[in-house]
Number of protein chains: 2
Amino acid sequence: MANIKDIAKQAGVSISTVSYALNGSPKVTDETSARILAIAKELHYIPNAAARNLKKQETKIIGVFLTDFSGSFYGHLLQGMKEGVNQSGYDLVVCSGKQSHQLLPQRMIDGAIVLDETFSSEELLRYADLGHKLVVMDRDLNHPNINQVLLDNKAGATLAVEHLIELGHRKLYVVTGPKGSFDSRQRLQAVKQVIDRHPDLQYIEIEGDFNKSSGALAGIQIAQGYSEPAAVFCLNDEMAIGMYDYLITTDIRIGEDIHIIGFDNIEVTQYTQPRLASIDYSKQKWGLLASEQLLKLIAGNDVEHEHIYVTLVKGKSMGAV
Amino acid sequence: MANIKDIAKQAGVSISTVSYALNGSPKVTDETSARILAIAKELHYIPNAAARNLKKQETKIIGVFLTDFSGSFYGHLLQGMKEGVNQSGYDLVVCSGKQSHQLLPQRMIDGAIVLDETFSSEELLRYADLGHKLVVMDRDLNHPNINQVLLDNKAGATLAVEHLIELGHRKLYVVTGPKGSFDSRQRLQAVKQVIDRHPDLQYIEIEGDFNKSSGALAGIQIAQGYSEPAAVFCLNDEMAIGMYDYLITTDIRIGEDIHIIGFDNIEVTQYTQPRLASIDYSKQKWGLLASEQLLKLIAGNDVEHEHIYVTLVKGKSMGAV
DNA sequence: TTGTAAGCGTTATCAA
DNA sequence: TTGATAACGCTTACAA
């Protein structure tokens with residue numbers, strides 16, 4: 001492993017000259033610079049990150065923290081983030097699990113994007129207090145070193161419920177996410193605001209956990225109590241798909257007997273029969289925006305919290321009553 | 001940001017005593033050690049990774065390189081790897097894209113697990129020559145610093161073809177993966193070995209790219225030329241699902257007219273109607289083994305290349321002729 | 001049991 | 001234009 005000392009020896013110059021040449025400083029002659037660069041290449045010189053990080057107090061690496069690695073959902077999101085950070089010469093690494101949390105305070109990364117329930121808000125605030133820069137995508141947290149980039153959950157849930165009311169539905173099931181989920185809580189809150197304005201609406205809440213299986217479970221419950229057409233708002237698509245999988249094995253027809261709408265507009269919804277109505281937003285844009293906000297924070301700029309806007313995607317799964 | 005110097009000053013001891021205490025060395029008195037630890041906690045001391053990495057010449061971080069972040073396929077794989085490295089006190093970070101390749105030679109990570117076509121084999125060999133430790137999961141590469149953990153593609157493809165021959169099929173379509181894919185090449189090679197032993201078999205090859213859409217395209221081609229029942233071996237499940245999506249829109253019945261078998265046994269195959277026959281293997285185990293091999297390599301142990309064994313999963317999509 | 005000091009590979013200040 | 005040198009924060013051999 002060649003270092004600048006080796007290069008300096010070979011070139012017959014001092015290490016500082018080598019450093020300048022390597023970093024393209026105009027202070028060194030083109031001639032010597034060329035000679036040094038040639039030797040560097042010849043020795044397969046690669047700068048040592050630890051040494052540089054120690055000196056410069058930055059790593060040019062951004063960490064993304066996810067609850068787990070599963071879920072095709074993350075693909076576009078991470079793609080968006082990668083674009084954002086790469087453009088500014090940063091690298092992106094994806095982390096998961098408690099153990100990896102230390103990467104931030106140990107200064108292995110220059111900042112973090114958090115979409116990970118295993119971080120407590122207290123922990124995040126502690127890091128922020130220590131001067132670390134953060135973007136959160138899954139909670140409401142206010143601190144000068146933390147920026148929020150959140151989905152407009154309330155708008156989405158409102159769109160969904162108003163859509164089914166417009167279609168004439170008067171009986172509504174809502175399948176919730178896990179209690180700890182910020183997105184679930186926000187969506188549910190918006191649902192309740194809408195139904196408060198519609199006293200004629202019959203409203204039944206079923207507890208879910210954002211996973212397929214809980215959607216299927218909710219489907220069983222709904223099928224058992226089936227007496228008349230009803231609308232179901234699954235607070236994410238995953239659960240809606242789980243419900244599909246179950247209902248398909250019954251006599252109940254989706255979009256005629258039971259009407260379903262989801263949230264997230266994940267890729268498989270394109271393949272569902274009938275097409276699942278959902279709430280759409282650009283996952284890539286969400287990721288891109290989060291990364292941009294973090295870079296601004298790191299650069300020391302003031303940044304306002306941001307929202308990602310959502311739209312209604314109609315589908316045959318949610319028909320008129 | 002407190003450092004050991006600050007602690008030393010507070011405690012009225014030297015920095016080496018602090019370092020020893022922090023690292024639990026028995027050389028320092030329990031009393032002073034306790035005092036130092038207390039002060040460290042009070043000052044919210046967190047060791048600086050760059051400094052430690054520089055000194056110890058290791059980061060205790062393993063990098064996984066993936067072609068892209070999409071594909072729910074990776075979930076279990078990464079979960080397995082994480083388990084493996086965490087157990088030994090390492091952290092796992094997931095990287096993608098050319099830019100992140102530098103993390104290895106810059107010594108930001110202690111080793112890499114590669115499942116990423118954007119790495120050329122020459123590049124990997126260069127790193128191996130420089131002393132970096134690697135595990136490859138997507139190619140055949142021999143070097144003392146590189147270990148292979150590969151799927152037993154040949155066994156899988158052989159199982160698949162023999163299964164359909166046993167069921168009486170005499171007309172076989174094979175939808176291949178992209179030309180550059182090692183897995184595709186190996187699977188195809190095994191297919192050809194089997195059909196060489198079965199001269200009565202009618203064999204048609206269709207080029208695919210491992211994506212859903214190419215499976216659908218192959219489905220169109222097969223449907224157009226449909227005259228008699230035939231078997232199709234899609235070299236991965238993704239393409240098989242794409243073919244399903246198309247064939248469902250036609251009169252052709254899967255498992256009766258066109259018989260399909262895939263490879264990978266991805267999660268959605270459980271939900272397909274009729275169930276897709278496939279070749280199964282534990283993704284988690286694959287990841288776990290890869291990480292274990294890498295850690296052995298880093299520890300300086302000799303390691304043999306490893307294989308992940310596969311099994312046939314029967315399904316109604318592949319019936320008797 | 002504790003302290004001194006060298007060294008890890010860079011960058012950057014100051015002097016030459 | 002180039003060189004000597006301190007500094008980044010930590011570990012560890014050696015001295016006290």
Side-chain angles (χ1 to χ4, degrees), chain A residues 1-37 39-40 43-61 89 102-110 130-131, chain B residues 1-37 39-40 43-61 89 102-110 130-131:
Chain A
M1 289 280 79
N3 57 24
I4 52 172
K5 220 167 170 178
D6 298 323
I7 301 177
K9 209 179 301 174
Q10 278 262 341
V13 296
S14 76
I15 59 165
S16 47
T17 306
V18 173
S19 179
Y20 286 133
L22 255 23
N23 290 301
S25 161
K27 310 174 76 176
V28 55
T29 333
D30 285 355
E31 190 198 3
T32 38
S33 181
R35 191 159 45 93
I36 290 170
L37 258 31
I39 293 173
L43 297 183
H44 301 292
Y45 169 76
I46 304 219
N48 177 302
R52 172 176 285 169
N53 296 343
L54 179 58
K55 183 66 191 176
K56 304 199 63 159
Q57 305 282 40
E58 64 172 17
T59 63
K60 289 280 177 186
I61 296 179
Q102 51 173 342
L103 294 176
L104 184 65
Q106 294 197 344
R107 325 215 106 200
M108 201 83 183
I109 55 180
D110 290 348
L130 288 171
Chain B
M1 289 279 81
N3 57 23
I4 50 172
K5 219 166 167 178
D6 299 324
I7 300 178
K9 209 179 300 172
Q10 278 261 341
V13 297
S14 76
I15 58 166
S16 52
T17 306
V18 174
S19 178
Y20 286 132
L22 254 23
N23 290 302
S25 162
K27 312 172 72 176
V28 55
T29 333
D30 284 356
E31 189 199 5
T32 40
S33 182
R35 192 159 45 94
I36 289 171
L37 258 32
I39 293 173
L43 298 183
H44 301 292
Y45 170 76
I46 304 219
N48 178 303
R52 170 176 285 168
N53 297 343
L54 179 57
K55 182 67 192 178
K56 305 198 64 159
Q57 303 283 37
E58 65 173 15
T59 62
K60 289 281 180 183
I61 297 179
Q102 51 173 340
L103 294 176
L104 185 63
Q106 294 196 344
R107 325 218 99 191
M108 201 84 182
I109 56 181
D110 290 349
L130 289 171

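The model shown is predicted, which means the values in this text are computed figures rather than measured ones. A, B, ... follow the sequence lines: proteins, then strands. Residue 1 opens every chain.
The side chain of A/V28 has D/dT2 as its nearest neighbour among C/dG3, D/dT2, D/dC10. Nearest nucleotide to the side chain of B/I15, out of D/dC10, C/dT11, C/dG3: D/dC10. If you check C/dT10, D/dT2, D/dG9 against the side chain of B/A51, the one that comes closest is D/dG9. Considering only the side chain of A/N3, C/dT10 comes nearest among C/dT10, D/dA4, D/dT1. Closest to the side chain of B/L54, out of C/dT2, C/dC8, C/dT10, is C/dC8. Closest approach to the B/S19 side chain among D/dT12, C/dT10, D/dT2 is made by D/dT12 (side chain taken as heavy atoms from C-beta onward).
Contacts of A/I46 with the nucleic acid, taken as non-hydrogen atoms under 4.0 Å apart, involve only primed sugar atoms and P, OP1 or OP2. Using a 4.0 Å heavy-atom cutoff across all strands shown, B/N23 reaches sugar-phosphate atoms only and no base atom.
Panel note: side chain B/N3, backbone B/D6; a donor-acceptor pair is recorded below 3.5 Å.
In this structure, A/T17 does not reach the D/dT2 phosphate: none of its side-chain N or O atoms is under 4.0 Å from OP1 or OP2. Neither OP1 nor OP2 of C/dG9 sits under 4.0 Å from any side-chain N or O of A/R52.
Taking both residues in full, the closest heavy atoms of A/M108 and B/N53 are given as CE-ND2, 3.4 Å, listed atom of the first, atom of the second, then distance. Residues A/R52 and A/P47 approach most closely at NH2-CB, 4.0 Å, considering heavy atoms.
Separating the CD atom of A/Q57 from the P atom of D/dC10 is a distance of 10 Å, rounded to the nearest angstrom. One atom, CD1 of B/I7, and another, P of C/dG3, lie 14 Å apart when rounded to the nearest Å. As a whole-Å value, the separation of A/N48 CG from C/dG7 P is 17 Å. Distance A/I4 CD1 to D/dC8 C1': 14 Å, rounded to the nearest Å.
Between the side chain of A/Y20 and the base of D/dA4, no donor-acceptor pair under 3.5 Å is found. Within 3.5 Å, a donor on the side chain of B/K55 pairs with an acceptor on the base of C/dG7, or the reverse.
Projected onto DNA chain D by closest heavy-atom contact, B/K27 and B/K56 fall at different nucleotides, the more 5' of which corresponds to B/K56. Along DNA chain C, the nucleotide nearest B/S16 and the nucleotide nearest A/S16 are compared for position; the residue whose nucleotide lies closer to the 5' end is B/S16.
The one candidate from A/L22, A/T29, A/I36 that meets the side chain to side chain contact (heavy atoms under 4.5 Å, CB included) condition with A/T17 is A/I36.
A/N48 places none of its side-chain heavy atoms less than 4.5 Å from the side chain of A/M1.
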